[in-house]
Each structure stands twice: as C-alpha cells, then as structure tokens.
Amino acid sequence: MCGIVGYIGHRLAQPVLLNSLGKLEYRGYDSCGIAVAERSLEVTKAVGRVVELSRLVAKGSATAGIGHTRWATHGAVTTANAHPHIDCRGRIAVVHNGIIENYLELRAALERDGHRFVSETDTEVLPHLIEKYYREGRLEEAVGLAVKCLVGSYAIIVIAAGSKSLVAARRDSPLVIGLGDRENFVASDVSAMLDYTDRVVYLEDGDICRVTADDVFIANSGTTVSRKVQVVPWTAEQVQKGGYEHFMLKEIHEQPKAVSETLAGRISVIEPAVTLDIEAPANPRNIVLTACGSSYHAALIGELLLTRLARVRARAVIASEFEQVEPTLDSDWVIAITQSGETADTLRATKKARAAGCATLAVVNVQGSTATRLCDDTLFVRAGPEVSVAATKTFIAQVVAMYLLALSRGTIDRKAETDLINELKLIPAYLSRLLDRESDIAQHGAYLARFTDIFFVARGINYPVALEGALKTKEISYVHAEAHPAGELKHGPFALLGPNMPVVALAPKDETYSLMQSSMKEIKARGSPVIAVVDEGDSDMEQVADYVIKVPAVQPLLSPILNTVVVQLISYYIAKTRGCPIDRPANLAKSVTVL
Ligand code: AGP
C-alpha cells in the first residue's frame with residue numbers, strides 16, 4: 001500500500017507535497033518521490049523516508065505537483081522503482097496506489113510499440129499508456145482511455161508538463177479531493193490535507209477528475225457527476241504526536257476519550273437502553289461478522305456478545321477466507337468491521353455478501369471510506385484519527401461498538417441489561433485509572449523483551465484479547481507470539497512450555513476463573529514464567545503466578561476492554577525495550593488495500 005498526493009494552487013508545491021507526504025508515511029515508507037510541473041517536469045525520488053527526499057529537493061517556483069510514498073509490492077526498494085513514473089519524453093508523471101494485474105501484457109505491448117521502461121513496477125505502464133493516448137491539452141481524455149486498459153485496482157494522480165490541472169482517477173483504491181481557497185488537493189486520505197483544509201469530496205469507483213486551482217470537474221462513464229462536499233470532523237492537531245514518543249502510545253492514552261465518543265448519544269439517559277441509528281434487519285436469523293487482523297478479533301468478541309446478549313446466531317469469518325467459507329448461504333446480515341474502511345479483503349467479502357442479497361453494515365472509523373459507501377448503513381466507531389500502524393484505540397472502539405450492537409437488540413433481562421449499560425458508561429473512567437498504572441505494566445513489558453517467544457492465554461470472551469496481544473507483539477516488536485485458549489495448551493502447545501516460554505494469562509473473575517487457575521498451575525509446573533492479568537482485589541492468583549497485573553474489576557463480560565489495554569502496553573514496552581520502530585513496523589502498512 002502507498003500514499004499519494006497532488007497539489008495545485010497559489011503556494012509553492014514542493015513544501016506542500018513534502019509536508020503532505022510526511023502525513024501519509026504510515027501508508028508506506030520505503031521510498032518516495034515528487035514531480036512538480038511548470039513548462040517541464042521536475043522529478044525527485046529517494047529511497048527511505050520523506051526527510052531523505054526533502055534533502056534532495058531543489059528549490060523551485062512550481063505551484064502544482066504530485067507525490068508518492070511507497071510500500072514496495074512490485075519491484076525492489078530502489079530509486080528507479082519509486083514513484084512518480086514518467087513517459088518516454090518526460091512530459092507526463094503518474095503516482096499510483098493499487099495493483100495493475102495485467103501490467104505484464106500491457107508492458108509487452110507498449111515495448112513492442114517502442115516504449116522504454118526503466119523500473120520493475122506495474123505502475124510504469126500508466127505514463128506510457130497515457131502518453132500513447134495524449135493529445136496536447138487533453139490529459140483527462142488520455143487518462144480515461146488509459147484506465148480502460150487496466151485490470152486491477154488504482155488510485156492515480158497525473159500531471160503533465162505545462163498543464164494547469166491535475167487529473168485523478170480511482171477504482172478500488174481510496175482517493176479524496178480537498179477543497180481550498182484558490183488551491184485544491186488530491187490524496188489517498190484526508191490526513192494529507194488537514195493542515196490546509198477540512199472540506200473534502202470522496203471520489204467513487206470509476207470517477208475521473210480534473211482539478212485546477214479554482215475548480216474540480218468529476219466525470220464517471222463519460223457523464224459529469226457531482227459528489228457531496230463533506231467536512232472532516234478531525235483536526236490537524238489530532239494527527240500530531242502531542243508530546244508522546246510514539247503515536248501508538250498517544251493513541252493508547254486516547255482510549256478513554258475514544259470510548260466516550262463511541263458511546264456518545266447512543267445510550268438513553270433516563271431508562272438506560274442502547275439505541276443505534278442504523279438500518280438493520282428487524283429479526284436477523286444469522287449474523288456474519290467479517291474483518292481482518294485486529295478488526296477480526298473485535299468480530300470474535302462481537303460473535304460472543306451477539307450470541308449471549310442478543311440471542312442471535314452470529315459467527316466471525318476472516319474476510320480473506322469469506323469466499324471459501326461461504327457464510328452467506330445461511331446469513332441475512334453481514335457486518336464488516338474495518339477501521340480504515342479500505343481493507344481490500346473486507347471490501348471483497350462485503351461485495352460478495354451484497355451480491356448474495358444480505359443486508360450489510362459497516363463498522364468503520366474513517367468517514368467517507370469505501371466500506372461506508374458499499375454497505376447499506378454504517379456504524380461509526382468515532383475513535384478519531386489513528387496514525388500508528390498498530391490498531392489500538394480503533395480496536396477498543398470497535399469492541400465497544402460490538403457491545404452497543406448486541407445491547408441494542410435488547411433481549412437479555414432488563415436488570416442485567418441496565419447493569420451492563422451502566423457499567424459500560426463507566427468504562428472511560430476505568431480505562432483512565434488503568435492507564436495511570438502504565439509504569440507497572442511497562443516493567444513487565446521490559447522483562448518480556450528478553451524472550452524470543454511468548455504465549456498469551458485466556459478463556460471465553462478474553463481469548464480474542466489474547467489473540468490481539470499476540471498480534472500486537474509480533475507486529476511491533478518482531479517477537480514470536482502465539483495466543484491459545486488456555487484449555488487447548490494440553491493438546492499440543494504444552495510441548496513448548498519451559499523457562500524460555502513466558503506466558504501472559506488473562507484471568508478475570510468470570511465463569512472460567514477456576515479453570516484458568518488450573519491451567520496456570522499446569523503451565524507453572526512446566527517451568528514457564530507466568531504473568532497473570534487479574535481483577536483488583538484478587539489475591540489468589542498471586543499464589544499461582546510469578547507476577548500479577550491488576551485491572552479495575554468490572555462485570556466479567558466487560559473485562560476484554562480493560563485487558564486489551566494491558567496487552568497493548570505490554571507489546572508496546574517489549575517493542576520499546578527492543579528499540580523497534582513502533583509506529584512503522586517492517587513490511588506492514590496501516591491500511592491494506594491489496595488482496
Ligand atoms: C492491527 O494492529 C493491524 N495493523 C491490522 O491487523 C489491521 O487491524 C487489519 O489490517 C485490518 O485493518 P482495518 O481495520 O482497517 O480493516
């Protein structure tokens with residue numbers, strides 16, 4: 001996945017592009033480049049971060065240009081493979097996010113026509129195709145003809161030497177236009193333009209758009225279309241680190257606020273009840289929750305909550321496995337959980353669900369994202385912008401959205417429902433209290449950093465939290481971590497226990513507690529160091545575990561929310577102690593827009 005940006009207006013283009021690319025680095029950061037246009041094009045590229053690029057960019061007077069920050073998919077990380085890519089005469093430059101599946105055949109045909117290629121990328125066919133169709137001053141038309149040849153996904157921005165406009169097009173990759181005063185922007189996402197404007201237009205699949213300093217013209221299938229102007233509810237400050245060493249830590253600390261926002265206006269005050277303003281089937285027989293990565297872990301929690309609280313059959317399905325599992329055969333409501341709203345696997349699963357006639361709901365953080373436009377309705381989790389590649393506050397917000405969804409069906413007894421809702425409202429305060437104990441948890445993270453393997457174990461509703469702990473640990477600290485339902489250890493993973501395999505055990509006082517105690521005794525007997533995460537007031541586990549982390553005691557069903565913070569902080573401090581690049585882990589990007 002990559003980040004792309006375009007600018008045209010009254011400012012010098014280079015500083016704007018470099019600043020915006022910096023904001024998009026979380027989408028890809030192995031190499032980057034910009035092209036600015038006056039009478040001729042000037043292209044500068046670098047391997048590495050935007051800061052390396054900024055050292056190479058010579059001062060110029062251009063007020064229009066495009067930029068790209070790359071996460072390599074086709075071709076190694078080299079300057080030649082970095083974008084922008086240009087045509088043979090160096091008159092047209094293109095930045096692209098997505099994958100062109102038929103690029104080999106297109107490239108062969110273009111080479112036969114005499115086009116010379118200098119990179120290994122799929123993208124390079126684009127400037128050559130556009131060159132083939134280009135007639136002076138008619139860039140939009142050439143882009144339209146070029147994209148007709150493509151199989152695959154693309155969000156592109158094109159600039160030509162001497163031109164007074166940018167041309168952008170999208171299919172299955174996000175692209176947004178930012179509207180300024182005598183200036184306009186195009187980018188993969190709004191974070192690139194929040195320093196300049198909060199008025200945006202989200203492009204739809206098939207849109208081709210010409211952007212000048214004063215206007216924006218959008219066409220789809222040859223017809224002029226208008227798209228709604230929206231105001232982004234996020235500020236530029238929200239996408240800064242605000243004094244924290246890493247975005248991840250800042251975002252972990254923003255979780256009390258994120259949960260308050262997720263709950264806001266969704267719980268009635270006098271008679272506690274959850275009301276969600278969403279279009280939903282009245283009595284769904286079978287619900288499928290589909291998602292990837294952390295969002296899938298939220299889906300697993302959702303599965304359990306919908307089953308227990310809403311008394312409806314629900315199952316979580318990994319989005320990339322959706323077609324194999326064919327859950328639409330017996331489901332009538334498919335809920336796609338995706339913080340970005342752009343994850344290709346989740347979008348593909350959602351399209352399959354729609355095609356099968358299921359009602360669809362997107363549980364999303366990013367306004368205007370593709371999932372919100374694809375589904376019948378959207379439940380926004382309102383976590384605010386999340387920059388770190390590791391999902392933290394968006395995960396918590398998704399989990400809270402699962403409680404709201406399950407409770408909104410109102411099928412458990414009234415007293416139990418009221419108690420749960422009342423305690424849910426207190427979660428932001430509990431989270432703040434837990435975050436005050438960060439330094440204790442940090443010590444356990446620092447201790448775990450010396451190991452090369454870690455197990456996370458739990459039972460019941462906390463098993464997805466164990467999965468989340470293992471995912472976070474792998475993702476940001478590069479330590480091998482696995483999660484197991486505690487009862488499964490004896491069926492195989494026991495073989496790996498011993499002094500070099502520490503175990504983090506999530507053991508709230510719920511109906512699984514005594515079984516967890518037995519599991520932990522068995523783990524200890526095999527020599528593994530055990531860190532138990534338990535309720536405040538629980539002194540029994542101190543007899544069993546080597547170390548104990550205490551979290552505010554809440555109703556057992558709500559314990560995943562608090563335990564999540566513990567595993568997030570543990571993984572953060574393992575990564576910090578090991579000196580890892582926490583916000584930008586190797587080989588990963590924030591939003592995965594390829595299948
Ligand atoms: C989480 O830390 C990961 N970065 C990743 O697993 C992520 O949750 C997954 O790619 C799904 O993303 P989405 O929520 O934007 O769809």
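As a basis for the values below, the full set of heavy atoms in this structure was taken, side chains included, without hydrogen atoms, waters or symmetry mates. Whatever order the structure lists ligands and atoms in, that order sets their numbers, starting from 1. Here the structure is a predicted model, which means the values were calculated and not measured. Start at 1 with the first residue, then count along the sequence.
The atoms of ligand 1 that sit less than 4.0 Å from any heavy atom of Lys472 are 1 (C), 2 (O). Atoms of ligand 1 found under 4.0 Å from any heavy atom of Ala391, numbered from 1 in the order shown, are 1 (C), 2 (O). Those atoms of ligand 1 with a heavy atom of Ser295 less than 4.0 angstrom away are 8 (O), 13 (P), 14 (O). Under a 4.0 Å criterion applied to the non-hydrogen atoms of Thr338, ligand 1 contributes the atoms 13 (P), 14 (O), 15 (O), 16 (O). Heavy-atom contacts of Ala390 reach the following atoms of ligand 1: 2 (O) (cutoff under 4.0 Å).
What sits closest to atom 10 (O) of ligand 1 on the protein, heavy atoms only, is Val592 CG2, 4.1 Å. The protein atom (non-hydrogen) at minimum distance from atom 11 (C) of ligand 1 is Cys292 O, 3.3 Å. Counting protein heavy atoms only, atom 3 (C) of ligand 1 is closest to Glu475 OE2, 3.2 Å. At the top of the distance list for atom 15 (O) of ligand 1, counting protein heavy atoms only, stands Ser340 OG, 2.6 Å. Scanning all protein heavy atoms for the shortest distance to atom 7 (C) of ligand 1 gives Ser294 N, 4.1 Å. In this structure, the protein non-hydrogen atom closest to atom 12 (O) of ligand 1 is Thr343 OG1, 3.4 Å.
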Go through the steps for Glu245 and Lys576 under the test salt bridge (charged side-chain N to carboxylate O under 4.0 Å, His left out), then give the verdict.
-> CA-CA 10 Å; Glu245 192 174 346; Lys576 185 168 147 74; 2.7 Å; yes
Test salt bridge (charged side-chain N to carboxylate O under 4.0 Å, His left out) applied to Asp376 and Arg354, step by step | CA-CA 9 Å; Asp376 298 321; Arg354 286 183 69 80; 3.0 Å; yes
Could you please spell out the steps behind the side-chain contact (heavy atoms from CB on, under 4.5 Å) verdict for His96 and Ile100?
-> CA-CA 10 Å; His96 165 227; Ile100 297 166; 3.7 Å; yes
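Not a single N or O atom of Leu471, backbone or side chain, sits closer than 3.5 Å to an N or O atom of ligand 1.
Side-chain atoms of Thr69 and Glu25 include no donor-acceptor pair closer than 3.5 Å. Side-chain contact check for Asn286 and Asp332: no donor-acceptor pair (N or O, by modelled atom type) lies under 3.5 Å.
A salt bridge links Lys472 and Glu475; the closest N-O separation between the charged side-chain nitrogens and carboxylate oxygens is under 4.0 Å.
Checked options Arg170, Arg373, Arg227; the residue passing with Asp207 is Arg227 (criterion: salt bridge (Lys or Arg N to Asp or Glu O under 4.0 Å)).
Aromatic ring orientation, Phe185 versus Tyr196: parallel (interplanar angle below 30°, classes split at 30° and 60°).
Across every non-hydrogen atom of Cys292 and Asp345, the tightest pair is SG-CB, 3.7 Å.
The proximity of Glu342 to ligand 1, defined as any non-hydrogen pair under 4.0 Å, does not occur for either the backbone or the side chain.
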